[in-house]
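Okay, so here's the structure we're looking at.
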Amino acid sequence: MTHFLTIRETAALTGLSTHTLRYYERIGLLDPVGRRDNSHRLFSQQDLAWIQFLLKLKSTGLPVREMLRYAELRRAGNTVESMSARRALLAQHTQEVQQTIAALQDNLRVLQAKLVMYDGMLQEAEA
């Protein structure tokens, strides 16, 4: 039996607001979500997995327009063209994330060096 989640449950699990979930559906990041007879949204486990993937893309800095492009390609199905384009999009973004990580690591080294410097200065001042 498939378990469905309400929009509030989905919001609680994902950390997104109900407004954001509705917005994502409206702009096409989410496929149309199933509905109850009373028109309340019901999110499937597949919807939840997709939202969690979108959150990974968002947290790594992929712009919404690129997430929309990926969603469009996903909806096109697993054709060679669609899969190749999705792979290329993710490969490009992976390179950008790696560059960001390298820059952050460099910044971290500078901060750590400053801490060592201040530790030395404080030891001298206390002596």
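Quick caveat, the model's predicted, so the values are computed rather than measured.
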Side chains of L62 and V97: does their closest heavy-atom pair fall under 4.5 Å? no
Test item: R75 side-chain N/O and G28 main-chain N/O as donor-acceptor pair under 3.5 Å: yes
Donor-acceptor pair, E25 side chain versus V33 backbone, under 3.5 Å? yes
Report the residues that fulfil salt bridge (charged side-chain N to carboxylate O under 4.0 Å, His left out) with R65, sequence neighbours left out, ordered by chain and then residue number. none
Euclidean distance, R86 CZ relative to L89 CG, rounded to 0.5 Å: 10.5 Å
With a 4.5 Å limit on heavy-atom distance, are the side chains of F43 and L30 in contact? yes
With the 4.5 Å side-chain cut-off for hydrophobic clustering, are I27 and L54 part of the same group? yes
Is there a side-chain contact (heavy atoms from CB on, under 4.5 Å) between T14 and E9 once you walk through the steps? CA-CA 9 Å; T14 62; E9 292 169 328; over 6 Å; no
Please check if the number of heavy atoms outside D37 that lie under 6.0 Å from its CG is greater than 12. no
Approximate separation, where rounding is to 0.5 Å, of L29 CG and E72 CD: 9.5 Å
Residues A85 and L73: closest non-hydrogen pair is CB-CD1, 3.6 Å
Under a 4.5 Å cut-off applied to non-hydrogen side-chain atoms, are F4 and D47 in contact? no
We want to know whether Q92 and E96 form a side-chain donor-acceptor pair, criterion being a heavy-atom distance below 3.5 angstrom. yes
With sequence neighbours excluded, what pairs up with R22 under the salt bridge (charged side-chain N to carboxylate O under 4.0 Å, His left out) test? none
Test L5 against L42 for side-chain contact (heavy atoms from CB on, under 4.5 Å), laying out the working first. CA-CA 5 Å; L5 303 169; L42 289 175; over 6 Å; no
Could I get the full list of ring pair (Phe, Tyr, Trp, His ring centres under 6.0 Å) partners for F53, not counting sequence neighbours? W50, Y70
Rounded to the nearest 0.5 Å, the OG1 atom of T20 sits from the NZ atom of K58 at a distance of 6.5 Å
Quick check against the 3.5 Å criterion: does D106 have a side-chain atom that pairs as donor or acceptor with the backbone of A103? no
Does the side chain of T6 come under 3.5 Å of the side chain of H40 through a donor N or O and an acceptor N or O? no
Flag side-chain contact, heavy atom, 4.5 Å: H3 against Q45: yes
What's the separation between atom CZ in R69 and atom CE in M67, rounded to the nearest 0.5 Å? 15.0 Å
Rounded distance (nearest 0.5 Å) linking atom CG of D119 with atom NZ of K114: 13.0 Å
Is L13 close to L48 at the side-chain level, that is, under 4.5 Å between some pair of heavy atoms? yes
If we ignore hydrogens and angles and just use 3.5 Å, is the side chain of T60 paired with the main-chain N or O of L57 as donor and acceptor? yes
Check I7 against T18 and note the closest heavy-atom contact, atom names and distance. CD1-O, 3.7 Å
Would you say S82's side chain and G77's backbone share a donor-acceptor pair under 3.5 angstrom? yes
Just how far is it from atom NE2 of H93 to atom NZ of K56, taken to the nearest 0.5 Å? 12.0 Å
Do you know which two heavy atoms are closest between R35 and R41, and how far apart they sit? NH2-NH2, 3.2 Å
